[in-house]
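Contents: one structure, followed by commentary.
As a basis for the values below, the full set of heavy atoms in this structure was taken, side chains included, without hydrogen atoms, waters or symmetry mates. Order of the sequence lines sets the chain letters (A, B, ...), proteins ahead of strands, with each chain counted from 1.
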Amino acid sequence: MKKIIRISFILMCLLPCLTGCRPKEKNTVVVFAAGSVITPMKAIEQAFEAENPDIDLQMEYHGSIQVIRHVTELKEPIDVVITADHALIPTLMYAVTNTETNQPYADWYIRFATNHLAVAYTDASRYQDEVNSENWYEVLSRPDVKVGIADPRFDAAGYRSFMVVKLAEEYYGDPDIFFDFFAGEFRSPVKTNDEDGLQVIHIPEIVETKPNSHIIMRGASIQLIALLESGDLDYAFEYESVIAQHDLNLVHLPDQLNMGEAAYQDYYDDVEVRLDFQRFQSVNPVFKGERIGYGITIPTNSSHQEDAERFISYLLGEKGRAIMLEYQHPLFEPAYGNNYDNIPASLKDYVVPEPND
Amino acid sequence: MKRVWLLSLGVIILLLAACTPAATPPVAEVVETEAAPVEEELTVLEIIGIDGTSEELTMSDIQAMEPDEGYAGIKSSTGEITPPATFKGVSLIRLAELVGPMEEGTGVNVVASDGYSITFSYNQLMNGDFIAYDPGTGDEKQEKPVLTPILAYEVDGADLDENRDGELRVAIISDEKNQVTDGHWSVKWVSKIEVRELTADWTVLLEGAINEEMDRATFESGAAPNCHQTIWVDEKNQEWIGIPLWLMVGRVDDEIKHDGPAFNDDLADAGYTVEVVAADGYSATFDSTRVKRNDNIIVAYLVNENPLDEDVFPLKLVGSDVSKKEAVGAIAEIKINFEGAVAEPTAEPTEAVVEEVTGPTLEGDLVIFGKVGEEMAFSVEDLKAIGDDTYTLEHPKKGAVDYNGVKVNDLLAMVAPAADATTMVLTASDGFSAEVDLSSLAGCDTCIIAFTDDGLMSALPGQESSAWVKFLSKIEIK
């Protein structure tokens, strides 16, 4: 009998442990990011979680427009948003009110990284031995050359690629470059017009290439990489960081065209891309030509604000920056804060107010 | 000892049971004494047609339609795969057709309840033209399965998760569990579909001092009665509607496209050539002095108020100043060649200077040229003198039809094709052309050039209908 009592006593002592001694659950921070930062972000995720064992980062990557759509339209609980075009945040998040909180989906962002657009190719690409920074537009216009471009309806790299081709006309002094590139390639044409010096590119509702077109479209620029590697494409418009991360060859575009140099902002803003149809209920995005800027924010409905701030602090801090640079993704030094007053105090050390804020 | 363990286990179970929330007490069955008012079922989908016709459907309405069922999965833009699951719903095309027939050039805009929308093209709806990926590797599938976009209301035998998908969502299904498609097509929370006329199902390239890819909408607005509409009635009393060629040229002859003096008379007087090119490369070239303000050379898009036939669609050159050979159909391009100026400016339009890009050197109702021992031109009378017999031939679409004509092989014997010739190219006066393997004609005693009310026509039993070329004017042996 003593034995029974002893065992029961031990079991009763152990019982609380059976229910309460589980390891402490981690806080999950959901990060939705542009596909072009996937490689450095994977490394940052690993490093951050190693230093912050109480946080589990759940990363998901999409084209930038899709990233925001998951917050504002699919209403998914997302704690950090990173887009390849910072301007999408005010356009699609500041301007849209969350009906549950009666607040906009975001009221600040940090412009923290940039990039350069370039033309990626492989050793097997047609005319790879003759393409260079001065003749790329002529080589890529040839009907037997397969050129990949991201769909401008879904991906910032897509509409920026159209901008590059239009800007090339002015830079090379050849007004037919855009026409030679795209005329006759789409079922509904991508048209341009001159509005008092502003070159406006109109994207039709259906962006479908004709059979046997030499232009190949995919939903996101990152999808073009596999096609380049398999030989289905000869060239593709990609960000330089992505090209370097995948060990592809690249044609550097002149600074006036690569959308990544502050000195040429006046050049970039000569072009604009408009969607010729209603894509979102409340806004009809216009994509202005400007220096590439990646934006990061915490949606106002995030339920893990503090943990999200810890992640952004890490990314903008010394260690995060080192990883980004290791993967050849250029950063702003310092980063710029839009709606600076609304930026969480813990992040203000890493930013200065936007010059025109 | 066994009893000890059993006792201990019992203690634990009791303690654990005590820690779980009490079971919900059974709810007393409510017996309704009065019949509850029947609630009207809510509309879950609105369908709007091109003409504004609309249909409102409840879930019961949709579920009463013949269902489409298959496998669909998603690949995110960065490669993440959601494996295929079984979706059940109704195809977008059948839903769209509730408000009118779908035609080429239309599409369906699928709108979510929050206003997000994406448009599916006719090609995607009818032919399933989506990129499909292998669910295992994520690689693009070279051989596409048959894909159908549906509006799904069920996944794996259960209703959709309303929080995640809403009541209705798009799924791109196939019969086999072997594909996933891009996630951006899978619109969730669908509440409305709108059938739309998508602006451009054809374009024509205008090349000159500036270039323009003119789409259908732009052309049609230019051809409106209050704009540049020009009408010509041919000898068969057919009414052709379009825009004079000189106005099309005026859009790209200098920097002024439309406003002000769009057509530059000085340039035309200085001389250039205008080449009108069909989709198959056939072309006719005109001197600028002939084109200048000439309303009798018309780029037509309607005949008797209907779009043009498939073989000359979308545009054809017509008019009282257009010869049979110049009547280029299926126009794809209009090019100004400033370096090809040939004529001195004259006060009056000069006689036509027509330059064929390729073609025979002889003229006649039918010319056979190319890889032949002797190029020959025939009038209809010449041909009838060679042979004019009646044949009952099986047309691939029309069935048995009687034709009078001359045997193709008799004509070939006269021109003596070269030993290495393999192909016969049949070209109509409107520019349409078709190719036929010479070997497929060997021994064909009923393959003829038929005499019809519209002129000559190749009548080739056993060949596709496209090889039965009306208005036949040239045969090139290649």
Side-chain angles (χ1 to χ4, degrees), chain A residues 3-4 7-8 10-12 14-15 18-19 33-35 38 60-63 65-66 69 72-76 96 99 150-151 153-155 175-176 178-180 182-191 204-206 208 218-223 226-227 230 232 276-282, chain B residues 1 3-5 7-9 11-12 15-16 19 75-80 105 107 109 111-124 129 131 138-140 163-164 182-185 188-189 196 198-205 207 209-218 332-333:
Chain A
K3 222 174 186 179
I4 296 169
I7 291 167
S8 301
I10 292 167
L11 285 169
M12 285 177 72
L14 283 173
L15 193 62
L18 288 173
T19 55
I38 190 167
E60 204 171 312
Y61 304 92
H62 297 272
I65 295 174
Q66 294 297 94
R69 190 183 155 235
T72 59
E73 302 195 320
L74 300 182
K75 320 275 187 207
E76 291 177 20
V96 179
T99 49
D151 192 323
R153 295 172 299 174
F154 305 121
D155 193 337
D176 295 334
F178 195 90
F179 184 86
D180 291 343
F182 298 119
E185 301 296 328
F186 295 99
R187 290 180 194 274
S188 295
V190 175
K191 295 194 278 190
E205 192 161 4
I206 294 289
E208 242 176 28
R218 288 295 180 268
S221 62
I222 205 78
Q223 291 177 308
L227 298 182
S230 66
D232 291 311
D276 269 6
F277 52 92
Q278 187 75 32
R279 176 79 200 287
F280 303 92
Q281 188 168 41
S282 51
Chain B
M1 187 63 184
R3 282 174 55 199
V4 173
W5 280 109
L7 186 64
S8 307
L9 197 62
V11 172
I12 293 168
L15 284 166
L16 284 174
C19 291
K75 182 182 179 185
S76 82
S77 49
T78 49
E80 217 166 289
N109 184 231
V111 186
S113 54
D114 50 32
Y116 174 82
S117 70
I118 194 85
T119 302
F120 292 81
S121 71
Y122 180 83
N123 202 26
Q124 289 175 314
D129 189 13
I131 295 156
D139 295 338
E140 282 190 31
N163 290 323
R164 199 185 57 196
D182 285 313
H184 50 248
W185 300 118
K188 300 173 178 178
W189 290 299
R196 288 192 185 172
L198 300 174
T199 49
D201 50 355
W202 55 263
T203 61
V204 58
L205 303 183
E207 295 183 51
I210 58 172
N211 297 325
E212 179 183 359
E213 186 174 13
M214 181 183 274
D215 62 16
R216 175 180 155 183
T218 308
E333 210 171 345

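Looking at A/Ala183, the atoms closer than 4.5 Å to chain B (heavy atoms on both sides) sit in the backbone and in the side chain alike. Of the atoms belonging to B/Glu333, not a single heavy atom falls under 4.5 Å from chain A. When heavy atoms are compared at a cutoff of 4.5 Å, A/Phe182 approaches chain B solely by way of its backbone atoms N, CA, C and O. Residue B/Asp139 does not touch chain A at all, counting heavy-atom pairs closer than 4.5 Å.
Residues that satisfy the salt bridge (charged side-chain N to carboxylate O under 4.0 Å, His left out) test with B/Lys188, not counting sequence neighbours, are B/Asp165. B/Asp129 meets the salt bridge (charged side-chain N to carboxylate O under 4.0 Å, His left out) test with B/Lys144; sequence neighbours excluded.
The aromatic rings of B/Trp185 and B/Phe120 lie tilted to each other, with the angle between the two planes from 30° to 60°.
Checked by atom type, the side-chain pair B/Ser121/B/Asn123 shows no donor-acceptor distance below 3.5 Å.
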